[in-house]
Asks: 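Dumping the structure here so I can ask a few things about it.
Computed from heavy atoms alone, side chains included, the values below leave out hydrogens, waters and symmetry copies.
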Amino acid sequence: MIFRLDLDVAVYSDRVQVTDRKTGLLVDHRAEYAFSSDELLIADQRFLEHTLSHAIRKLMKGGFVLFDPRAHITHTERRLTAGERAILRTVLCDTGFKKVTFADDIDG
């Protein structure tokens, strides 16, 4: 079955939450490998990618097919730096998302 993956993503220190916007299902996933530091919420790109991909797999019950996938960054524990925003966008794009928006973007 192919369907559009449309997620809300929230990022906390060494933890992510992903919510399927269609079904409302939520997965709260703690990082196996720390991606946050004392100074930055997103300090390690590859460990964030690892954490997000595992959370998405849990949400989708093991596997998923991406058709026009979208991610909406709805919440972060603290304000992201421009560099952290770029890392988060890159991680989601590398994971297969075609459109990434931040809740505080005016132009989406």
Asks: Among the clusters formed by ILVMFWY side chains lying less than 4.5 Å apart, do F47 and I73 turn up in the same one?
Replies: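 Same cluster: F47 reaches I73 through Ile, Leu, Val, Met, Phe, Trp or Tyr contacts under 4.5 Å.
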Asks: Would you say the side-chain atoms of E77 pair up with the backbone N or O of S13, donor to acceptor, closer than 3.5 Å?
Replies: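 Indeed, once roles are kept as given, a pair shorter than 3.5 Å links the two residues.
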Asks: Could you walk me through whether D104 and R85 pass side chain to side chain contact (heavy atoms under 4.5 Å, CB included), step by step?
Replies: CA-CA 11 Å; D104 59 354; R85 286 171 69 98; 3.1 Å; yes
Asks: Tell me the closest heavy-atom pair linking K22 and D20, and the distance in Å.
Replies: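 Residues K22 and D20, closest heavy atoms: N-OD1, 2.8 Å.
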Asks: Any donor and acceptor pair, going by atom type alone, linking the side chain of T76 with main-chain N or O of R78 inside 3.5 Å?
Replies: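 The answer is yes, because a donor-acceptor pair under 3.5 Å joins these two groups.
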Asks: With a 3.5 Å distance limit and no angle check, can you tell me whether D14 reaches the backbone of S36 through a side-chain donor-acceptor pair?
Replies: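 The answer is yes, because a donor-acceptor pair under 3.5 Å joins these two groups.
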Asks: Between V100 and C93, what is the shortest heavy-atom contact and its length?
Replies: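 Minimum heavy-atom separation between V100 and C93: CG2-SG, 4.2 Å.
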Asks: Will you find, in the side chains of D8 and H75, an N or O donor that is under 3.5 Å from an N or O acceptor?
Replies: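 Distance-only check fails for D8 and H75.
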Asks: Is it the case that one hydrophobic cluster holds both Y12 and V18, taking links as side-chain heavy atoms less than 4.5 Å apart, direct or via other members?
Replies: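 No, because Y12 and V18 fall into different hydrophobic clusters, even though each may have its own neighbours under 4.5 Å.
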Asks: If you define the side chain from C-beta out and look only at heavy atoms, does anything of D6 sit under 4.5 Å from H72?
Replies: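 The answer is yes; the side chains approach within 4.5 Å.
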Asks: Under a 3.5 Å distance rule, please check whether R15 uses its side chain to pair with a backbone N or O of A10 as donor and acceptor.
Replies: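 No; judged by distance alone, with no hydrogens or angles, the pair does not exist.
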Asks: Do L26 and Q17 have side-chain heavy atoms sitting under 4.5 Å apart?
Replies: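 Yes, at least one pair of side-chain atoms sits under 4.5 Å.
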Asks: May I ask you to test the T51-F35 pair for a side-chain heavy-atom distance under 4.5 Å?
Replies: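 Yes, their side chains come closer than 4.5 Å.
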Asks: Report yes if some heavy atom in the side chain of E84 is under 4.5 Å from a heavy atom in the side chain of L40; otherwise report no.
Replies: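 Sidechains of L40 and E84: in contact.
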Asks: Side chains of V11 and L52: does their closest heavy-atom pair fall under 4.5 Å?
Replies: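 A side-chain contact is absent here, since even the closest heavy-atom pair is not under 4.5 Å.
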Asks: Do the side chains of F102 and R89 get nearer than 4.5 Å, heavy atoms only?
Replies: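 Result yes, sub-4.5 Å side-chain heavy-atom pair found.
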Asks: Closest heavy-atom contact between V9 and A71?
Replies: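 Looks like CG2-CB, 4.2 Å.
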Asks: So, do L48 and V16 sit near enough that their side-chain heavy atoms are less than 4.5 Å apart?
Replies: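 When only atoms from C-beta onward are counted, V16 and L48 do touch, with a gap below 4.5 Å.
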Asks: Taking the side chain as every heavy atom from C-beta outward, state whether K58 and H54 have any atom pair closer than 4.5 Å.
Replies: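 The answer is no, as the side chains (C-beta and beyond) never meet within the 4.5 Å cut-off.
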Asks: About how many Å separate CD1 of I56 and CG of L92, when rounded to the nearest 0.5 Å?
Replies: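 The distance works out to 6.5 Å.
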